[in-house]
Enquirer: 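Here's a structure for you.
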Amino acid sequence: MTERPPRLGRTRLVAVDGPSGAGKSTFAKTLAAQLNATLIPTDHFATWDDPVAWWPRLRAVLDKIAENEEATYRMTDWSEGFPKPGEDRTIRPTEILVVEGVSSARKSIADKLTAAIWVELEDADERLERAVARDGEKSREHLTRWQAFERGWFAVDGTKARADYVVTSS
Ligand SMILES: Nc1ncnc2c1ncn2[C@@H]1O[C@H](COP(=O)(O)OP(=O)(O)OP(=O)(O)O)[C@@H](O)[C@H]1O
Ligand SMILES: Nc1ccn([C@@H]2O[C@H](COP(=O)(O)O)[C@@H](O)[C@H]2O)c(=O)n1
């Protein structure tokens, strides 16, 4: 990763995208730790009712980092199993920034990415069961709706076709 050039100012921006329950968060945490990178999960921005339209708030953070400036955003708090406004988080300019979540490698950021990583698990039922096991049975309906939405999103965005790396979860 460090052999590839930075494209977000001096920062190497790495996006870990793919469908819900595929293992993005798990993979991205390990990757960020290995690269000593700052990690921004997109579930700091998303809510059940807003799967992707929060993007301008993350883009504002990325634009500040590109200018070598720090940036602050209000995190979504999922600690009670539903999304509510949480605390502020400040991101400082960094050599490597990993952004992880559905739509993190969207077309509009492609020219700023040092690498786009697609994490997949083909079996949609297994992905749903993994996500429900993680978030609880009361999230099943929300996750089912989310997974239906993201199928359409990925088809239109063409995310996987632009990926530099494809990681298959087993
Ligand atoms: N390789 C794996 N094998 C088995 N279970 C896994 C694997 N990777 C992740 N999991 C588990 O599957 C669940 C979903 O993983 P994770 O939260 O990383 O997925 P995600 O793609 O980030 O999902 P979402 O988009 O819904 O947040 C978690 O409970 C996680 O512990
Ligand atoms: N603790 C959490 C975090 C996120 N969610 C929901 O999971 C879906 C996928 O989120 P990503 O940002 O990882 O793509 C989405 O529906 C989140 O809102 C959750 O339920 N609990």
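Start at 1 with the first residue, then count along the sequence. Both ligands and their constituent atoms are indexed starting at 1 by order of listing.
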Enquirer: Run the side-chain contact (heavy atoms from CB on, under 4.5 Å) check on F154 and D17 step by step: do they pass?
Expert: CA-CA 10 Å; F154 288 134; D17 207 332; 3.3 Å; yes
Enquirer: Only heavy atoms of E100, strictly under 4.0 Å: list the atoms of ligand 1 that pass.
Expert: 22 (O)
Enquirer: Considering only heavy atoms of P19, which atoms of ligand 1 have at least one such atom less than 4.0 Å away?
Expert: 21 (O)
Enquirer: For ligand 2, find each of its N or O atoms that sits under 3.5 Å from a protein N or O atom, and tabulate the pairs with distances to one decimal place.
Expert:
from, atom 1, to, atom 2, distance (Å)
ligand 2, 12 (O), T42, OG1, 2.9
ligand 2, 12 (O), D43, N, 3.2
ligand 2, 14 (O), V102, N, 2.8
ligand 2, 20 (O), D135, OD2, 3.0

Enquirer: Identify whether NZ of Lys or CZ of Arg in R127 sits under 6.0 Å from the centre of the six-membered ring of W146 and within 45° of that ring's axis.
Expert: no
Enquirer: Could you check whether any heavy atom of A133 sits closer than 4.0 Å to an atom of ligand 1, since that is the contact criterion I want to use?
Expert: no
Enquirer: Where is the nearest protein heavy atom to atom 6 (C) of ligand 1: which residue, which atom, and how far?
Expert: R130 NH1, 3.5 Å
Enquirer: Answer yes or no: is there a side-chain heavy-atom contact under 4.5 Å between T42 and W55?
Expert: no
Enquirer: What I want to check is whether the side chains of S79 and D77 have a donor and an acceptor closer together than 3.5 Å.
Expert: yes
Enquirer: Taking the side chain as every heavy atom from C-beta outward, state whether K107 and T159 have any pair of such atoms under 4.5 Å apart.
Expert: no
Enquirer: Among all the protein's non-hydrogen atoms, which is closest to atom 27 (O) of ligand 1, and how far away is it?
Expert: R134 NH1, 2.9 Å
Enquirer: Nearest protein heavy-atom contact for atom 1 (N) of ligand 1: which residue, which atom, what distance?
Expert: S169 OG, 3.3 Å
Enquirer: Regarding E150 and S20, do their side chains bring together a donor and an acceptor under 3.5 Å, going by distance alone?
Expert: no
Enquirer: My understanding is that a hydrophobic cluster links ILVMFWY residues whose side chain heavy atoms are under 4.5 Å apart, including indirect links. Using that, what else belongs to the cluster containing V119?
Expert: M1, V14, V16, F27, L31, L35, L39, I96, V98, I117, Y165, V167
Enquirer: Quick check: does D43 get an N/O under 3.5 Å from an N/O on ligand 1?
Expert: no
Enquirer: Within the 4.0 Å heavy-atom shell around S170, which atoms of ligand 1 are there?
Expert: 1 (N), 2 (C), 3 (N)
Enquirer: Return yes when atom CG of N36 has more than 12 non-hydrogen atoms of other residues, nucleotides or ligands closer than 6.0 Å, and no otherwise.
Expert: no
Enquirer: Does CZ in R57 sit with more than 12 non-hydrogen atoms of other residues, nucleotides or ligands closer than 6.0 Å?
Expert: yes
Enquirer: Any heavy atom of K29 sitting closer than 4.0 Å to ligand 1?
Expert: no
Enquirer: Between W78 and W48, is the ring centroid distance below 6.0 Å?
Expert: yes
Enquirer: What residue and atom, counting heavy atoms only, is the protein's closest point to atom 19 (O) of ligand 1, and at what distance?
Expert: G23 N, 3.1 Å
Enquirer: Check whether any side-chain heavy atom of F45 sits under 4.5 Å from a side-chain heavy atom of D50, and report yes or no.
Expert: no
Enquirer: Give the residue, atom name and distance (to 0.1 Å) of the protein heavy atom nearest atom 26 (O) of ligand 1.
Expert: S20 OG, 2.7 Å
Enquirer: Has ligand 1 got any nitrogen or oxygen that is less than 3.5 angstrom from a nitrogen or oxygen of A22?
Expert: yes
Enquirer: Any N or O of F27 that comes nearer than 3.5 Å to an N or O of ligand 1?
Expert: no
Enquirer: Give the residue, atom name and distance (to 0.1 Å) of the protein heavy atom nearest atom 30 (C) of ligand 1.
Expert: T26 OG1, 3.8 Å
Enquirer: If you count heavy atoms of other groups shown closer than 6.0 angstrom to CD of E141, is the number above 12?
Expert: no
Enquirer: Strictly distance-based, threshold 3.5 Å: is any side-chain N or O of R12 a donor or acceptor partner for the main-chain N or O of R4?
Expert: yes
Enquirer: Under 4.0 Å from a heavy atom of K24: give me the atoms of ligand 1 that qualify, with their elements.
Expert: 18 (O), 19 (O), 20 (P), 21 (O), 22 (O), 23 (O), 24 (P), 25 (O)
Enquirer: Ignoring hydrogens and angles, state whether a donor on the side chain of S169 or R130 is under 3.5 Å from an acceptor on the partner side chain.
Expert: yes
Enquirer: Side chain, backbone, both or neither: which applies to S25 and ligand 1 if a contact is any heavy-atom pair less than 4.0 Å apart?
Expert: both
